[in-house]
Protein chains: 2
Amino acid sequence: MKRMTPDQRREAIVAAALVVAVRKGLASTTVRDVAAEMGTSSGLIHHYFDSMDEVLAAAFERVAAQDLALSAGAMAEASSPVEALRVFFRTYTPADKDWAFQLWLDAWAEAARRPAVQATSRRLNLEWQGLLEGTIVRGVAAGAFACGDPASAAWRILSLLDGLALQVVAHGTTITREEVVAWATGASEGELGLARGTLLGG
Amino acid sequence: MKRMTPDQRREAIVAAALVVAVRKGLASTTVRDVAAEMGTSSGLIHHYFDSMDEVLAAAFERVAAQDLALSAGAMAEASSPVEALRVFFRTYTPADKDWAFQLWLDAWAEAARRPAVQATSRRLNLEWQGLLEGTIVRGVAAGAFACGDPASAAWRILSLLDGLALQVVAHGTTITREEVVAWATGASEGELGLARGTLLGG
DNA sequence: TCCGTTATTGGACGGCTGCGCAATATCGTT
DNA sequence: AACGATATTGCGCAGCCGTCCAATAACGGA
């Protein structure tokens with residue numbers, strides 16, 4: 001195959017790994033799959049990554065970090081903390097990309113046995129919490145929210161959303177996507193002392 | 001190996017599969033692992049189960065259903081809905097058995113690609129929600145809780161708990177077990193119109 | 001004690017796994 | 001045009017996978 005610069009090749013490997021991971025699941029993505037997806041030999045992958053663990057972590061990070069950056073960017077442009085929270089719920093909720101959330105499920109499960117995946121998953125979860133906490137802190141400072149403990153409130157909102165989304169993605173029919181959004185925003189309004197329905201404007 | 005009745009053998013297979021699943025993860029549990037754990041040949045397993053998917057589903061069900069029954073039993077003996085909820089939080093929370101919750105993580109992730117595991121996981125999640133919903137309904141009837149929608153409240157409490165526990169088990173150090181319990185009970189008190197600290201009696 | 005039933009064996013089948021390494025091909029530079 | 005650096009190949013290694021099936025062994029009833 002055509003020769004690439006190390007940076008380009010690394011990118012290509014991660015991109016190919018992601019395609020395979022979405023199709024087969026993170027845990028079942030193999031060196032040969034990724035090589036075939038790139039159209040190269042499998043040996044090439046170990047020339048850039050020490051282990052498959054690191055390839056999978058990089059592939060997961062690619063989507064997860066991008067989604068985070070997208071949400072963070074959109075929230076930063078919001079006119080107020082309340083609006084930022086609306087943006088958060090709109091962009092975080094698995095809408096047409098359940099596959100991304102499925103990758104989160106894969107990552108959480110794999111974390112126990114793949115150190116690099118665990119590190120990435122933990123770091124990104126922490127960043128989501130930080131993003132949310134920052135927004136809450138700003139809202140409290142602006143007098144828009146009433147919240148005694150922004151850090152824990154952020155964890156609660158994030159975890160509720162994850163727990164509910166999990167049911168949709170893993171089990172399909174137990175609850176609907178609309179219920180996830182409605183229940184999570186409702187609980188968050190209670191958490192932050194907002195009037196019912198405040199966070200549902202879309 | 002010694003000949004067993006079909007019932008005994010099925011049990012032995014499921015028990016052995018569970019031991020291996022706890023050690024290696026649900027997804028990485030193989031026919032040969034299970035056979036070796038039992039001390040029999042691997043062909044025996046397919047004499048009792050059509051596929052590995054069903055073995056894993058049965059192994060997962062063994063722990064999950066037992067934990068559910070244990071909680072349900074203890075909650076049924078509680079003197080009041082409030083006490084029942086206290087029991088719920090005490091028994092649901094991953095205390096010394098993170099391994100059981102890790103199996104839940106495995107099951108949720110595997111659900112996408114293993115029909116039998118998905119069916120079991122979904123059914124048990126629904127039963128947990130039902131157990132919680134029933135308790136809330138009884139509490140409302142007894143005037144102990146104020147809750148307009150017990151069904152969705154049950155989903156919210158369960159999902160919050162799952163989402164928080166997930167961080168503990170998958171990432172280890174992000175939040176502590178104590179925070180999980182404190183935050184989940186706190187949110188539930190808000191959800192049900194209880195005074196702060198009501199659910200923490202232990 | 002013999003016999004039919006069936007639990008159990010053990011290996012065949014085709015395919016897959018992560019990893020490592022010598023050989024080769026393709027660059028940019030001289 | 002020749003060369004050194006290195007990206008890429010292709011395969012070997014040792015082992016694993018789920019599934020299937022003919023042969024065997026152990027049991028209960030006659």
Side-chain angles (χ1 to χ4, degrees), chain A residues 1-21 23-60 106 109-118, chain B residues 1-21 23-60 106 109-118:
Chain A
M1 221 47 196
K2 213 171 153 214
R3 198 182 169 116
M4 291 186 184
T5 70
D7 281 353
Q8 285 175 327
R9 181 55 76 192
R10 265 191 84 98
E11 275 300 297
I13 292 174
V14 172
L18 182 54
V19 170
V20 178
R23 187 171 60 232
K24 300 186 54 182
L26 207 61
S28 313
T29 296
T30 72
V31 206
R32 287 164 180 84
D33 287 334
V34 178
E37 179 69 32
M38 270 200 305
T40 68
S41 73
S42 68
L44 186 54
I45 281 139
H46 280 98
H47 191 253
Y48 290 92
F49 292 87
D50 287 340
S51 71
M52 203 50 198
D53 179 20
E54 289 179 16
V55 177
L56 297 179
F60 170 66
D106 290 349
E110 286 298 296
R113 268 162 277 265
R114 306 192 107 120
V117 169
Q118 185 190 46
Chain B
M1 221 50 196
K2 216 174 150 211
R3 197 184 171 113
M4 291 186 183
T5 70
D7 280 353
Q8 284 175 328
R9 182 55 75 190
R10 267 191 82 98
E11 274 301 297
I13 292 174
V14 173
L18 183 54
V19 170
V20 178
R23 186 170 62 233
K24 300 187 54 180
L26 208 59
S28 312
T29 297
T30 73
V31 205
R32 288 165 179 83
D33 288 334
V34 178
E37 179 68 33
M38 271 198 306
T40 68
S41 73
S42 68
L44 186 55
I45 280 138
H46 280 95
H47 192 251
Y48 290 91
F49 291 87
D50 287 342
S51 70
M52 203 50 199
D53 180 20
E54 289 179 16
V55 177
L56 297 180
F60 170 65
D106 290 350
E110 286 298 295
R113 268 163 277 265
R114 306 191 107 122
V117 169
Q118 184 191 45

Check your understanding: Between B:Pro6 and B:Arg32, who's closer to the 5' end of DNA chain C by nearest nucleotide?
Key ->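 Taking each residue's closest nucleotide, the earlier one in sequence belongs to B:Pro6.
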Review point. So which one's nearest nucleotide on DNA chain D is more toward 5', B:Leu44 or A:Met4?
Key: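 Going by which nucleotide is closer to the 5' end, it is A:Met4.
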Between [atom2] of [N] and [atom1] of [X], the distance in whole Å:
{"X": "B:Arg9", "N": "C:dT5", "atom1": "CZ", "atom2": "P", "answer": "22 Å"}
{"X": "A:Lys2", "N": "D:dT9", "atom1": "NZ", "atom2": "P", "answer": "14 Å"}
{"X": "B:Gln8", "N": "D:dA26", "atom1": "CD", "atom2": "P", "answer": "17 Å"}
{"X": "A:Ile45", "N": "D:dG10", "atom1": "CD1", "atom2": "C1'", "answer": "13 Å"}
{"X": "A:Arg113", "N": "C:dG18", "atom1": "CZ", "atom2": "C1'", "answer": "18 Å"}
{"X": "B:Leu56", "N": "D:dC17", "atom1": "CG", "atom2": "C1'", "answer": "13 Å"}
{"X": "A:Asp50", "N": "C:dC19", "atom1": "CG", "atom2": "P", "answer": "9 Å"}
{"X": "A:Met52", "N": "C:dG20", "atom1": "CE", "atom2": "P", "answer": "14 Å"}

By the 4.0 Å heavy-atom rule, please label [X] as base, sugar-phosphate, or nothing.
{"X": "B:Thr29", "value": "sugar-phosphate"}
{"X": "A:Tyr48", "value": "sugar-phosphate"}
{"X": "B:Ser51", "value": "sugar-phosphate"}

Review point. Residues from residues 10-17 of chain B sitting under 4.0 Å of DNA chain D, heavy atoms only?
Key: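 Close to the strand, none.
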Given [options], identify the nucleotide with an atom nearest to the side chain of [X].
{"X": "A:His47", "options": "D:dC17, D:dA7, D:dC11", "answer": "D:dA7"}
{"X": "B:Ser41", "options": "D:dC11, C:dG10, C:dA12", "answer": "C:dG10"}
{"X": "A:Val31", "options": "C:dT8, C:dT26, C:dG18", "answer": "C:dG18"}
{"X": "A:Arg3", "options": "C:dT17, C:dT9, C:dT26", "answer": "C:dT26"}

Check your understanding: Got a second to check how far B:His47's NE2 is from B:Arg10's CZ, nearest 0.5 Å?
Key ->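 Rounded to the nearest 0.5 Å, the NE2-CZ separation comes out at 12.0 Å.
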Exercise for review: Work out which heavy atom in A:Gln118 is nearest to a heavy atom in A:Ala111; give both atom names and the distance.
Suggested key: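 Residues A:Gln118 and A:Ala111, closest heavy atoms: CB-O, 3.5 Å.
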Exercise for review: Might you point out which heavy atoms bring B:Val31 and B:Ile45 nearest each other, and give the distance in Å?
Suggested key: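 For B:Val31 and B:Ile45, the tightest heavy-atom pair comes out as O-CD1, 3.4 Å.
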Check whether any side-chain heavy atom of [X] sits under 4.5 Å from a side-chain heavy atom of [Y], and report yes or no.
{"X": "A:Val14", "Y": "A:Tyr48", "value": "no"}
{"X": "B:Arg114", "Y": "B:Leu56", "value": "yes"}
{"X": "B:Arg23", "Y": "B:Glu37", "value": "yes"}
{"X": "A:Arg9", "Y": "A:Met38", "value": "yes"}

Point to revise | Qualifying residue for side chain to side chain donor-acceptor pair (under 3.5 Å) with A:Lys24, from A:Thr29, A:Thr30, A:Asp33 | key: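 Passing option: A:Asp33.
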Exercise for review: Would you please confirm or rule out a distance under 4.0 Å between OP1 or OP2 of C:dC19 and any side-chain N or O of A:His46?
Suggested key: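 For C:dC19, OP1 or OP2 has a side-chain N or O of A:His46 closer than 4.0 Å.
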Check your understanding: Would you say D:dC17 has OP1 or OP2 under 4.0 Å from some side-chain N or O of B:Thr30?
Key ->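 Yes, B:Thr30 has a side-chain N/O under 4.0 Å of OP1/OP2 on D:dC17.
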